[in-house]
Amino acid sequence: MSLKNLIAIVLLSLAFDVTQAQNISADDINWTAVKAVNQADHSAFEYSCSFITHGNQSIDWSQNSGQLVTHYEVISVDGTWTKISRDGQVTYHVRNGNISGSITFARVDDQLSVHLQLAVDGVPDQDYTFSISSANKI
């Protein structure tokens, strides 16, 4: 292999890596869920929804084919995760009126997930982990 070909391959791989460098802290990313697990009883079920992260500012949870969208303001963030194509996680502490909680986005062993834990007026209300089929920058 010539030096010219090697340089071309390296440049192409760097270009590909840059396109895959989705940074959850800065980018708008659409996370598409296909299944969920209720953490209270560990029951699994098919569930289509999406989470749209707007950097470290806010998260929209879209359900019923976009007919129900809940907007959460991000209050604080635990962790950093600059390449969602690699294992990592970040937890957003969120609020919407009297609803508060955390939403954790993670990749472990190439499996993407979102763990949603919400309370209403301080009383635990929802605790679900969603299996994510895709995460795309928008």
Side-chain angles (χ1 to χ4, degrees):
M1 177 182 298
S2 73
L3 181 58
K4 185 177 178 180
N5 287 341
L6 181 61
I7 291 172
I9 290 170
V10 168
L11 289 175
L12 283 173
S13 68
L14 287 174
F16 179 76
D17 194 43
V18 167
T19 64
Q20 298 301 314
Q22 297 166 350
N23 181 344
I24 190 171
S25 299
D27 297 330
D28 291 345
I29 300 173
N30 183 20
W31 307 75
T32 303
V34 292
K35 289 191 272 186
V37 175
N38 182 336
Q39 296 301 300
D41 62 8
H42 300 289
S43 60
F45 53 96
E46 299 294 317
Y47 194 77
S48 295
C49 67
S50 65
F51 295 87
I52 299 172
T53 53
H54 302 282
N56 283 344
Q57 304 303 308
S58 64
I59 299 170
D60 294 320
W61 181 21
S62 177
Q63 302 171 78
N64 296 334
S65 300
Q67 294 179 18
L68 174 61
V69 177
T70 308
H71 181 79
Y72 296 98
E73 174 188 3
V74 173
I75 305 305
S76 64
V77 181
D78 291 333
T80 58
W81 186 19
T82 58
K83 286 189 176 186
I84 66 170
S85 61
R86 297 193 177 147
D87 285 359
Q89 84 171 34
V90 65
T91 298
Y92 292 104
H93 300 280
V94 298
R95 178 177 52 216
N96 174 327
N98 64 337
I99 300 170
S100 62
S102 64
I103 306 174
T104 301
F105 295 82
R107 177 186 290 270
V108 176
D109 296 330
D110 283 333
Q111 299 297 311
L112 288 168
S113 66
V114 173
H115 187 184
L116 174 79
Q117 294 178 290
L118 298 176
V120 178
D121 292 325
V123 177
D125 183 61
Q126 297 184 46
D127 190 354
Y128 295 97
T129 300
F130 298 87
S131 298
I132 303 298
S133 61
S134 65
N136 299 304
K137 188 175 175 179
I138 52 176

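Excluded from the calculations below are hydrogen atoms, water molecules and symmetry mates; all remaining heavy atoms, backbone and side chain alike, are included.
Under the 3.5 Å distance criterion, with hydrogens and angles disregarded, a donor-acceptor pair is assigned to the side chains of Ser43 and Asp41. Side-chain contact check for Asp78 and His93: at least one donor-acceptor pair (N or O, by modelled atom type) lies under 3.5 Å. Residues Gln39 and Thr129 bring a donor and an acceptor atom of their side chains to less than 3.5 Å of each other.
Under the 4.5 Å side-chain contact rule for hydrophobic residues, Ile52 and Val114 do not share a cluster. Val94 and Ile99 fall within the same hydrophobic cluster, where Ile, Leu, Val, Met, Phe, Trp and Tyr residues are linked whenever their side-chain heavy atoms come under 4.5 Å apart, directly or through other members. Both Ile103 and Val120 are assigned to one and the same hydrophobic cluster, defined by single-linkage of ILVMFWY side chains at heavy-atom distances under 4.5 Å. Transitive grouping of hydrophobic side chains (ILVMFWY, heavy atoms separated by less than 4.5 Å) keeps Val108 and Leu116 in distinct clusters. A single hydrophobic cluster is seen to contain both Tyr92 and Tyr128, as judged by linkage of ILVMFWY side chains at heavy-atom distances under 4.5 Å, directly or through other members.
If you look at Phe105 and Trp81, their ring centroids are not closer than 6.0 Å.
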Check against side chain to side chain contact (heavy atoms under 4.5 Å, CB included), His115 and Asp127: CA-CA 7 Å; His115 187 184; Asp127 190 354; 2.6 Å; yes

Between Gln117 and Thr104, does the side chain to side chain contact (heavy atoms under 4.5 Å, CB included) criterion hold? Intermediate values first, please. CA-CA 9 Å; Gln117 294 178 290; Thr104 301; 5.6 Å; no

Between Val90 and Thr80, is the side chain to side chain contact (heavy atoms under 4.5 Å, CB included) condition met? List the steps. CA-CA 6 Å; Val90 65; Thr80 58; over 6 Å; no

Run Gln57 and Val74 through side chain to side chain contact (heavy atoms under 4.5 Å, CB included) and show every step you take. CA-CA 5 Å; Gln57 304 303 308; Val74 173; 5.9 Å; no

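The only option from Cys49, Ser48, Ser62, Ser134 that meets the side chain to side chain contact (heavy atoms under 4.5 Å, CB included) definition with Thr32 turns out to be Ser134. The ring-ring contact (aromatic ring centres under 6.0 Å, His included) test with Phe51 is passed by exactly one of Trp61, Trp31, Tyr72: Trp61.
Between Gln111 atom CD and Asp87 atom CG the span is 9.5 Å, to the nearest 0.5 Å. Remark: Ile24 CD1 to Ile59 CD1 distance equals 7.0 Å, nearest 0.5 Å. Expressed to the nearest 0.5 Å, how far CD1 of Ile29 lies from CG of Asn136 amounts to 9.0 Å.
Here the shortest heavy-atom pairing between Asn30 and Ser50 reads OD1-CB, 3.3 Å. Residues Asp60 and His54 share a closest heavy-atom pair of OD2-NE2, 2.9 Å. When all heavy atoms of Ala119 and Gly122 are compared, the closest pair comes out as CB-C, 3.9 Å. Scanning both residues, Gly55 and Asp28, for their nearest heavy atoms gives N-OD1, 3.9 Å.
A side-chain donor-acceptor contact under 3.5 Å links Arg107 to the backbone of Ile84. Although no hydrogens or angles enter the test, the distance criterion places a donor-acceptor pair under 3.5 Å between the side chain of Asn96 and the main chain of His71.
Residues Glu73 and Ile75 are in side-chain contact: their nearest non-hydrogen atoms beyond the backbone lie under 4.5 Å apart.
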